[in-house]
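Here is how names work: the chains are called A, B, and so on, in the same order as the sequence lines, proteins then strands, and each is numbered from 1. What you see is a predicted model, and the numbers here were worked out from it, not measured in a lab.
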Number of protein chains: 4
Amino acid sequence: MLNRIILIGRLTKDPELRYTPNGKAVAGFTLAVDRPYKNQQGERETDFINIVVWGKQAENCANYLSKGKLAAVDGSLRIRSFEGQDGQRHWVAEVLAETVRFLSPKDKNDTGVEEMGTLIDFTDDDIPF
Amino acid sequence: MLNRIILIGRLTKDPELRYTPNGKAVAGFTLAVDRPYKNQQGERETDFINIVVWGKQAENCANYLSKGKLAAVDGSLRIRSFEGQDGQRHWVAEVLAETVRFLSPKDKNDTGVEEMGTLIDFTDDDIPF
Amino acid sequence: MLNRIILIGRLTKDPELRYTPNGKAVAGFTLAVDRPYKNQQGERETDFINIVVWGKQAENCANYLSKGKLAAVDGSLRIRSFEGQDGQRHWVAEVLAETVRFLSPKDKNDTGVEEMGTLIDFTDDDIPF
Amino acid sequence: MLNRIILIGRLTKDPELRYTPNGKAVAGFTLAVDRPYKNQQGERETDFINIVVWGKQAENCANYLSKGKLAAVDGSLRIRSFEGQDGQRHWVAEVLAETVRFLSPKDKNDTGVEEMGTLIDFTDDDIPF
DNA sequence: TTTT
DNA sequence: TTTT
């Protein structure tokens, strides 16, 4: 019915870019997202969350993101079921990104932010009321 | 850079449906969203938030939503500037809905939920990794 | 850094309520969240997402939610690692709910919505600017 | 019922820090949030969104944020009504921040991210199922 | 200009 | 009353 997730974190590795048989680009990477509080042992914990992104944005991610870079993801949570090597059914969570934003400055002498448009292009007519 | 808002509330009136000169449908309505806590006077407060939705979803809202109905909106916050009747510049906030969900059962003998697809149709190829 | 997820779906079973050794209530349930689009075979898919909620809200969920009821969850995504029965390390995703809203009318003759306050209580002083 | 907004943008000015009569800190600032697409004139538009944040986080914002800095805000949208200088009732939108994240590196030779914990501290007991 |  |  409604499924919306927003994450900010750092890439654990460079993105992996693949193409489907029909030539559509798809990129995958993992985001390390620190929890805001410390646990009972006084240590900060981190969730490692798999991200999948399609099309032009996948190629942009492969070009502009790399290990350690800060990124924001806006998408939805998918629970994918797959057959394990043990013949068992397993589930894996991944975030299907609708939008990815690049939050790390391009280089150390630059405070700018590499940005990426969404692929969805709303028409911005005047509203008649 | 990133602008995402999710609301659940009740319509204060029936939606208004208009068409732009180029024939594009646009609907507007106000959502009454109760705050989760009481204020110092012990009363529950409410935010009245204007929603704008375009295209096929606008027509669906006009058909399926009405005063008092419960709805969820997923979209972005816009601050629109306009010239007041006093010649002054004013600002108004409104939510541009990307998705609207109808949460009120169709009728009293039904617990189902009227649902509306998004207009954006992701392709769901197999992920090659 | 930032981890926010909002879901609307139906419970696949009644919530399970437990207590930790130190007497803290915790409830678990699974939400069936339909995807907004159909897949290539023309069928609607569903994500089954595990929810965990603590404290007073856990007890409210156990009292007011049951199989098939519609609920909204606002929380964060956790990836928990555990030792499988096969001695292997596995990961499971779950949503730690900060807020749960009950969206199903109490009974068929009622269009009202059972609501639950958040546990977090902001003070609502006047803003001095 | 549910009111959640997540924004990433840049401060248009330094934050303003005030204290209520009862000594509670409150900070206000405006976030410039670029829209992801260009309008019909081919220009990128921006929403200027007022943020309010209370308590310890208000003081952290005053200390670590300044004009031009990148920040993420997670909170709720409030529509506040006030008496205009013309005796008229007006409405203003503002975001009550629950969490603010500082996304600009501390200085040019540092890619780190200044971070701020939430004030809300979940207990992280083991989940008994 | 406000809904249950 | 606007940021990069």
Side-chain angles (χ1 to χ4, degrees), chain A residues 101-107 109-116 129, chain B residues 1-3 7-16 28-36 43-51 65-73 79-81 88-94 102-105 108, chain C residues 101-106 109-116 129, chain D residues 1-3 7-16 28-36 43-51 65-73 79-81 88-94 103-105 108:
Chain A
R101 299 285 170 206
F102 308 153
L103 299 175
S104 286
K106 282 186 273 258
D107 64 77
N109 300 315
D110 175 27
T111 60
V113 163
E114 196 75 57
E115 193 170 344
M116 226 172 83
F129 54 132
Chain B
M1 287 273 326
L2 189 148
N3 184 333
L7 302 168
I8 300 179
R10 290 186 183 281
L11 278 81
T12 61
K13 292 192 301 189
D14 292 355
E16 287 187 57
F29 56 89
T30 297
L31 224 47
V33 182
D34 291 334
R35 298 189 184 171
E43 40 196 33
R44 184 166 295 279
E45 290 178 295
T46 302
D47 293 289
F48 296 94
I49 301 174
N50 298 321
I51 313 293
L65 287 179
S66 55
K67 180 178 174 170
K69 285 283 168 59
L70 194 68
V73 166
I79 306 293
R80 203 151 47 91
S81 135
Q88 297 259 219
R89 186 124 303 271
H90 289 115
W91 284 266
V92 68
E94 66 200 2
F102 308 152
L103 299 176
S104 287
K108 309 311 169 47
Chain C
R101 299 286 171 205
F102 308 153
L103 299 175
S104 286
K106 283 186 273 258
N109 301 315
D110 176 28
T111 59
V113 163
E114 197 75 57
E115 193 169 344
M116 227 173 82
F129 55 126
Chain D
M1 288 274 326
L2 190 148
N3 184 334
L7 301 169
I8 299 178
R10 289 185 183 281
L11 277 81
T12 61
K13 292 191 301 189
D14 291 354
E16 286 186 57
F29 55 88
T30 297
L31 225 48
V33 182
D34 291 334
R35 298 190 184 170
E43 39 196 33
R44 184 166 296 277
E45 289 176 297
T46 301
D47 293 289
F48 297 95
I49 302 175
N50 298 321
I51 313 293
L65 287 179
S66 55
K67 181 176 173 171
K69 286 283 168 59
L70 193 69
V73 166
I79 305 293
R80 202 151 49 90
S81 135
Q88 298 259 218
R89 185 122 304 272
H90 289 115
W91 284 265
V92 68
E94 66 200 3
L103 300 175
S104 286
K108 309 310 171 48

> Of the candidate nucleotides dT2(F), dT3(F), dT3(E), which contains the atom at the shortest distance from the side chain of Phe48(B)?
Replying inline: dT3(E)

> Picking from dT1(F), dT1(E), dT3(E), which would you name as closest to the side chain of Trp91(D)?
Replying inline: dT1(E)

>> In this structure, how many angstroms lie between the P atom of dT3(F) and the CG atom of Leu31(D), rounded?
In response: 13 Å

>> From CD of Glu43(D) over to P of dT4(F), roughly how many Å is that when rounded to an integer?
In response: 19 Å

> Quick one: Lys67(B) NZ to dT1(E) C1', roughly how many Å, whole number?
Replying inline: 11 Å

> In whole angstrom, what separates Leu70(D)'s CG from dT2(F)'s P?
Replying inline: 20 Å

>> Please report the distance, rounded to the nearest Å, between CD1 in Ile51(B) and C1' in dT3(E).
In response: 13 Å

> Which nucleotide, dT4(F), dT3(E), dT2(F), lies nearest any side-chain atom of Asp34(D)?
Replying inline: dT4(F)

> Which of the following nucleotides, dT2(E), dT3(E), dT3(F), is nearest to the side chain of Thr30(B)?
Replying inline: dT2(E)

>> In whole Å, I'd like the distance from the NE2 atom of His90(B) to the C1' atom of dT1(F).
In response: 14 Å

> Side-chain donor or acceptor of Thr46(D) under 3.5 Å from a matching atom on the base of dT3(F)?
Replying inline: yes

> Atom CG of Leu103(C) and atom C1' of dT4(E): how far apart are they, to the nearest Å?
Replying inline: 13 Å

> With Thr30(D), which residues qualify under side-chain hydrogen bond (donor to acceptor under 3.5 Å, both in side chains), at least two apart?
Replying inline: Asn50(D)

>> With heavy-atom distances below 4.5 Å as the criterion, would you say the side chains of Trp91(B) and Ile79(B) are in contact?
In response: yes

> Does some side-chain heavy atom of Arg101(C) sit less than 4.5 Å from a side-chain heavy atom of Pro36(B)?
Replying inline: yes

> Whole-Å distance between dT2(E) C1' and Arg44(B) CZ?
Replying inline: 17 Å

>> Among residues at least two apart in sequence or on other chains, which ones pass side-chain hydrogen bond (donor to acceptor under 3.5 Å, both in side chains) with Thr46(B)?
In response: Asp34(B)

